[in-house]
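Shown next, in structure tokens, is the structure this report addresses.
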Amino acid sequence: MKKILLVVMDGIGFSTTGIGDAVSSANTPTLDRLLAEYPNVRLKAHGGAVGLPSDDDMGNSEVGHNALGCGQIYSQGAKLVNESIESGKLYESDAWRKVAENAVSKGSTLHLLGLLSDGNVHSNINHLFSLLKRAKADGVKRACVHILLDGRDVPPLSSLEYVEQLEAVMAELNDNNFDARIASGGGRMKITMDRYEAEWAMVERGWATHVKGDGRAFTSATAAIETYRTENPDLKSDQDLPPFVIAENGEAVGKITDGDSVVLFNFRGDRAIEISMAFTADSFDKFARGAKPDVVYAGMLQYDGDLKLPELFLVNPPEITGTLSELLVANGVKQYAVSETQKFGHVTYFWNGNKSGKFSDELETYHEIPSDTVSFDQKPKMKSAEITADVIAAIESGEYGFIRCNFPNGDMVGHTGSMEATIIGVESVDEALRRLEESCAVNGVLMLVTADHGNADEMSEKDKKGGLVARTAHSLNPVPFIVCDKSLSLIECDESTVGLANVAPTVAELFGFTPPAKWEKSLLKS
């Protein structure tokens with residue numbers, strides 16, 4: 001049976017504008033040669049191709065790996081929530097009734113916590129507006145919003161625009177029977193939104209800010225943001241703003257206390273799990289949490305189905321079934337998945353259809369390489385060398401039929417906004433490809449190369465005046481799919497007709513398996 005290695009170059013796509021293209025600017029002799037010598041196509045990695053509402057919506061690593069791993073397109077993220085709001089199902093859910101009725105019956109506060117953004121990657125500000133409006137309609141008297149500032153999936157210094165929008169909506173809603181206000185906040189890469197347990201200190205800072213009301217006090221979110229920007233003139237993105245608390249008469253206006261209700265309105269799971277654990281776990285040792293407030297807590301979605309985290313959630317997640325891993329397990333193929341911490345969940349949890357567990361302990365092996373806890377522009381090579389060495393060891397073992405790995409550099413370094421560092425990151429991935437190609441050739445393994453979305457390919461964008469500014473968000477650009485075997489042929493296609501979900505059926509056919517009928521089509525020419 002054929003042995004296959006699938007390499008995911010996270011955040012490395014093809015620029016369509018030529019603006020801020022760290023991929024083309026980098027020295028990538030291996031990637032250039034692979035594209036020149038081997039069959040390859042360009043895949044769509046955003047919008048409808050990964051189940052998002054429209055082609056204006058950038059892809060992300062979560063929905064990208066879902067599509068790569070299951071060969072199908074499911075309604076995801078913002079689209080899933082939009083459909084639930086439009087149908088009314090969200091507000092008919094048991095979770096919403098419990099959250100709202102608790103606040104109404106006890107005269108307590110409804111706290112809404114999440115990323116204040118319309119980036120459609122972790123959250124959408126319009127979902128927050130809908131929750132506030134419905135809360136008032138259902139009789140809730142008081143709502144506090146705890147805002148996490150983006151600057152990553154949206155322009156780097158755009159947070160004041162979203163604060164202005166939120167304050168305008170609250171001003172329209174507020175009257176003698178309803179009081180909504182911003183209670184706390186901070187940059188998403190400083191507080192609350194850690195993932196894969198890489199830096200629990202972020203969550204601890206968020207807990208102190210949102211729950212305890214501990215932190216530097218300001219009269220408004222606008223005052224906090226403007227002050228921090230003045231004090232930190234070199235600040236490149238709102239994602240790095242320190243935490244703040246809104247206070248009146250020396251007291252935080254929105255501490256989370258016994259009897260309150262809390263909704264985390266982010267819909268993406270990876271950066272929602274840890275704060276959800278802090279709110280729901282009776283036994284907790286990740287940081288000195290103190291007494292856990294007795295609240296009704298709900299997530300926008302259930303962020304981990306296997307852990308049932310949280311138990312209450314407003315929108316049912318897509319029920320992804322029939323994944324590539326299941327097909328390979330059914331056919332006895334041993335699999336190996338590896339990345340560093342920042343993307344480990346993507347080659348395991350998201351790849352397997354949002355499932356934490358394995359389909360087979362005997363046939364599936366996972367390996368996590370701990371990420372550095374520094375800003376990735378300081379170490380743009382990240383753990384590319386370690387991942388490469390690990391994959392080569394797996395190849396040389398001869399034990400695995402299918403190996404998959406993820407190199408986070410193009411995405412994680414790209415998010416810092418540093419062009420210079422991102423170029424280094426891309427070059428590190430190219431060096432990894434060289435070493436992996438050599439090992440595959442010696443050991444009779446077919447190497448496939450792709451990406452989950454673009455990012456490093458578009459590091460700049462034009463502002464309203466036509467000038468160039470740093471871009472830290474994902475791009476809408478296509479990504480490569482390369483089959484490193486000159487004897488094979490791919491169908492005639494482009495990113496307008498094929499996307500990430502076409503990879504799984506292609507892998508299945510390369511193994512000689514028939515893809516399930518519900519999957520997208522294979523890219524192999526018959």
Review point. Taking it one step at a time, do Asn124 and Asn126 satisfy side-chain hydrogen bond (donor to acceptor under 3.5 Å, both in side chains)?
Key: CA-CA 5 Å; Asn124 191 301; Asn126 291 308; 3.1 Å; yes
Exercise for review: Could you tell me whether Asp411 and Lys343 make a salt bridge, using a distance below 4.0 angstrom between a side-chain N and a carboxylate O?
Suggested key: yes
Review point. What about Phe265 and Trp96, are their ring centers closer than 6.0 Å?
Key: no
Review point. Under 30°, 30 to 60°, or over 60°: which ring-plane class applies to Phe279 and Tyr297, parallel, tilted or perpendicular?
Key: parallel
Check your understanding: Is any NZ, NE, NH1 or NH2 atom of the basic residue among Arg42 and Glu495 found under 4.0 Å from an Asp or Glu carboxylate oxygen of the other?
Key -> no
Point to revise | Salt bridge present between Lys292 and Asp282 (N-O < 4.0 angstrom) | key: yes
**Study point:** Aromatic ring proximity Tyr303/Tyr349, centre distance under 6.0 Å
**Key:** no
**Study point:** Test: Arg434 and Glu431 ion pair at under 4.0 Å
**Key:** yes
Revision key, fill the gap. CE (Met170) and CD (Gln165) are apart, to the nearest 0.5 Å, by 12.0 Å
Point to revise | Main-chain N/O of Pro380 paired with Asn409 side-chain donor or acceptor, under 3.5 Å | key: yes
Exercise for review: Kindly check if the number of other-residue, nucleotide or ligand heavy atoms within 6.0 Å of CD (Glu83) is above 12?
Suggested key: yes
Exercise for review: Please determine if Lys79 and Glu86 form a salt bridge, counting it only when a charged side-chain N lies under 4.0 Å from a carboxylate O.
Suggested key: no
Practice item. Would you mind checking if Asp270 and Arg268 are paired as a salt bridge, meaning a charged N to carboxylate O distance below 4.0 Å? Key: yes
Check your understanding: Salt bridge or not for Lys381 and Glu427, using N-O below 4.0 Å?
Key -> no
Practice item. Look at the rings of Tyr228 and Phe244 and say which category their plane angle falls in: under 30° parallel, 30 to 60° tilted, over 60° perpendicular. Key: tilted
Practice item. Just say parallel, tilted or perpendicular for the rings of His146 and His210, cut-offs at 30° and 60°. Key: perpendicular
Check your understanding: So, the side chain of Arg404 versus the backbone of Val347: is there a donor-acceptor pair under 3.5 Å, distance only?
Key -> yes
**Study point:** Closest heavy-atom pair and its distance - Arg188, Asp153
**Key:** NH1-OD2, 2.9 Å
Practice item. Look at Arg271 together with Asp194 and state whether they make a salt bridge at an N to O cut-off of under 4.0 Å. Key: no
Exercise for review: Would you check if the distance from the ring center of His415 to the ring center of His474 is below 6.0 Å?
Suggested key: yes
**Study point:** Crowding at CD, Glu164 (>12 non-hydrogen neighbours, <6.0 Å)
**Key:** no
Check your understanding: Can you tell me how far the CG atom of Asp240 sits from the CG atom of Asn232, to the nearest 0.5 Å?
Key -> 9.5 Å
Review point. Are the side chains of Phe344 and Ser371 in touch, meaning some heavy atoms are under 4.5 Å apart?
Key: no
Practice item. Keeping the roles fixed (side chain from Thr280, backbone from Pro310), state whether a donor-acceptor pair exists under 3.5 Å. Key: no
Review point. Hey, are Lys44 and Asp55 close enough for a salt bridge, meaning a charged N less than 4.0 Å from a carboxylate O?
Key: yes
Check your understanding: Between Ala22 and Thr422, what is the shortest heavy-atom contact and its length?
Key -> CB-CG2, 3.8 Å
Check your understanding: Would you find more than 12 non-hydrogen atoms of other residues, nucleotides or ligands less than 6.0 Å from Glu386 atom CD?
Key -> yes
Review point. Which pair of non-hydrogen atoms, one from Gly59 and one from Val50, has the smallest distance, and what is that distance?
Key: CA-CG2, 4.5 Å
